[in-house]
Amino acid sequence: MSGLTSEPSESVDPGSSAPAGAAPPAVIVLAAGGGTRMKSAKSKLLHEVAGHPLLSYALAAATQIQPQEIVVVVGHQRDQVQAHLAEIAPHVRTAVQEEQLGTGHAVQCGLAALSDLDRLPNEIVVTYGDVPMLTGETLLDLVEDHRSQRAGVTVLTAVVADPTGYGRVVRDADGGVTGIVEHRDADDEVRSITEINSGIYVFDSAVLVAGLDGLTADNDQGELYLTDVLTHARSAGRTVAGHLIDDAWQTEGINDRVQLSAMSAEMNRRILVGWMRAGVTVQDPATTWVHASVDLAPDVTLLPGTSLEGATSVGAGATIGPEVSLKDVEVGEGATVVRTHGELSVIGPGAEVGPYARLRPGTRLGVKGKIGTFVETKNARIGDRSKVPHQSYVGDAEIGVGVNVGAGVIFANYDGVTKSTTVVGDYSFVGSNAVLAAPLTVGAGAFVAAGSTITGDVDPGDLGVARGQQRNIRGWVLRKRAGTKIATAAQDALDAAAEDRSAQSGPDDR
Ligand code: UD1
Ligand code: CA
């Protein structure tokens, strides 16, 4: 699938530089930057791709390498970031970087948060909080490569069409990495290099500590550059390895909302490709959006304009769309959902929903049930084979099996103060345009007459009628609307009926 759901694989090459049984690495996630180009009151790291905040992807990837510790270095808008972390990943440590003095300084802050450990893990993995496509598999490969090359540092790199702004990976004739030069510090020759530094690395922790100690802010930005640790490692005689990946998206950071939407589209494309390979028909991938957390069965069909979010799941053979958005909705096998908006609801196997239905939280539609055109439901259990086909509001209802709810029926659940429940028993029939003013119970096998406003219980087998008697005032139109088209039509119809009667009775009968 998209790589978001894959399990961590068995860890390392036994011939690696790490001693057998060595403690796993620590991961430091850099996330203190300002994200000013987002122009948002919300931290950049909490903006979402495919339904999950950017930061949660960084944590998911880090978690897959089963690290000893994860430290997130926070700074800008850290209250928001820390609150989010406390909610989704209370086990991670945070380190505060008060002032953003550079990536090297950020890692110093991260290491300080590990100072209570008896000893540092042998390896420190550094990643960014704003690189959502990076997978745990890639981090595992990176660590494995680092170990098999017995490197002091291994940097994740990619070749990109436009490397502007990135640090460039400078290699010697043998392909060894000699260092990383920032775009703004680079001459034309270095700028012509298209292999870029992703900013994701594995460090031997001793190499990292020594390199950070030696950092100076001797560069165009006056910052402490983490990349200078690589130069330091190389002069100390350690191998600096470059781990090049083909999938450059995995190194792509998000800085603004244009990149956010491009990343969302690519993530969605990958999710849909995964589902199509797993047996789902997606008629129009360009207008179909499926979040990473959604689960689809084989032979599901998604029609144009479908958006599936949260913990939504769709059973085998169901058809969703066109124009459907579902969030946290469970759709049963073989159901059809057309032009519908649904949240926190269950749609039973073989059920039909829409077009133009709105399922609010707590809707549970049974097997082969129907919620039809312009129907709104809320906290409503609608039993197997029961139907609410047209223009109804069904709020706070317990409807049995095989019930027919006529067109325009309103379950009036709110008296202005409290909400109450309406119960409708099995196989009852509620006539069109009835109002059921809760609380009340319509028994099993009962009838409610069309147009009734029902305010009390209707017992099983009874017919509830609550409406004015019909009364026709003979000749009213001819008297009160004489000379109008209405009156003419009435007179013509009356004359025709009279002629019919006389033709039927015949002259002989007189
Ligand atoms: C950095 C790398 C560059 C690489 C690029 C990849 C350095 C000196 N340069 O560039 O080689 O190609 O990433 O995107 O490392 N951060 C902090 N605290 C700081 C500074 C940064 O936490 O003081 C975090 C940011 O939130 C961000 C990450 O580190 O997640 C990278 O920062 P950014 O300013 O984007 O790095 P660049 O200078 O663009
Ligand atoms: Ca960046």
Side-chain angles (χ1 to χ4, degrees), residues 50-52 275 280 288-297 299-405 407-414 419-424 426 430 436 438:
H52 298 279
W275 285 123
V280 171
T288 303
W289 292 82
V290 175
H291 280 180
S293 46
V294 168
D295 190 35
L296 305 175
D299 285 323
V300 163
T301 299
L302 303 182
L303 297 176
T306 292
S307 163
L308 305 178
E309 301 184 9
T312 293
S313 64
V314 183
T319 300
I320 313 292
E323 306 294 337
V324 168
S325 25
L326 301 180
K327 184 177 189 187
D328 304 321
V329 175
E330 183 186 324
V331 181
E333 290 187 5
T336 54
V337 185
V338 183
R339 295 187 205 281
T340 288
H341 185 85
E343 249 182 282
L344 275 168
S345 296
V346 177
I347 296 169
E352 288 175 51
V353 176
Y356 306 107
R358 179 174 181 207
L359 275 52
R360 291 169 53 199
T363 298
R364 285 158 296 153
L365 178 62
V367 180
K368 295 190 173 161
K370 176 166 185 158
I371 293 175
T373 313
F374 300 114
V375 173
E376 175 178 338
T377 59
K378 187 219 77 173
N379 189 29
R381 189 175 61 75
I382 300 171
D384 297 350
R385 297 177 313 287
S386 287
K387 297 188 184 344
V388 188
H390 331 276
Q391 295 163 309
S392 288
Y393 172 65
V394 183
D396 297 311
E398 292 286 339
I399 299 176
V401 303
V403 171
N404 189 83
V405 176
V409 171
I410 304 296
F411 285 64
N413 57 331
Y414 185 51
K419 301 243 166 103
S420 306
T421 300
T422 299
V423 177
V424 179
D426 296 348
V430 182
L436 305 177

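We use all heavy atoms of the structure for the numbers below, so side chains are in, but hydrogens, waters and symmetry mates are not.
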| request: Look at the side chain of Ser386 and the backbone N and O of Gly402, then say whether any donor-acceptor pair between them is shorter than 3.5 Å. | output: yes
Gap separating the [atom1] atom of [X] from the [atom2] atom of [Y], nearest 0.5 angstrom:
X: Asn379; Y: Thr421; atom1: CG; atom2: OG1; value: 7.0 Å
X: Thr312; Y: Leu296; atom1: OG1; atom2: CG; value: 9.0 Å
X: Asp295; Y: Trp275; atom1: CG; atom2: CH2; value: 4.5 Å
X: Thr422; Y: Leu436; atom1: OG1; atom2: CG; value: 5.5 Å
X: Ile347; Y: Ile382; atom1: CD1; atom2: CD1; value: 10.5 Å
X: Ile320; Y: Ser307; atom1: CD1; atom2: OG; value: 12.0 Å

| Pairwise ring-ring contact (aromatic ring centres under 6.0 Å, His included) hits with a residue in residues 312-336, at least two apart | none
| Residue pairs fulfilling ring-ring contact (aromatic ring centres under 6.0 Å, His included) with at least one residue in residues 317-338, sequence neighbours excluded | none
Sequence-distant partners of [X], side chain to side chain contact (heavy atoms under 4.5 Å, CB included), two or more places apart:
X: Asp299; answer: none
X: Pro322; answer: Leu303, Val338, Arg339
X: Ala397; answer: Ala380, Val394, Ile399, Phe411

[X] and [Y]: which non-hydrogen atoms are nearest, and at how many Å?
X: Ala407; Y: Ser392; answer: C-OG, 4.5 Å
X: Ala357; Y: Ile371; answer: CB-CG2, 4.1 Å
X: His291; Y: Gly310; answer: ND1-N, 3.8 Å
X: Ala318; Y: Val331; answer: CB-CG1, 4.2 Å

List for me each residue that meets side-chain hydrogen bond (donor to acceptor under 3.5 Å, both in side chains) alongside [X], sequence neighbours excluded, and say none if there are none.
X: Thr363; answer: Thr377
X: Ser325; answer: His341
X: Arg360; answer: Glu376

| query | Which pairs with one or both residues in residues 380-396 pass salt bridge (charged side-chain N to carboxylate O under 4.0 Å, His left out), sequence neighbours excluded? | reply | Lys378-Asp396, Arg381-Glu398
| request: Begin from the C-alpha positions of Val375 and Val405 and carry the test side-chain contact (heavy atoms from CB on, under 4.5 Å) through to its verdict. | output: CA-CA 11 Å; Val375 173; Val405 176; over 6 Å; no
| said: Less than 4.5 Å apart, side chain to side chain, heavy atoms only: is that true for Leu302 and Val280? | reply: yes
| message | Applying side chain to side chain donor-acceptor pair (under 3.5 Å) as the test, list every pair that has at least one member in residues 343-357; sequence neighbours left out. | response | none
| task | Any side chain to side chain donor-acceptor pair (under 3.5 Å) involving residues 326-337? Give me the pairs, sequence neighbours left out, ordered by first then second residue. | result | none
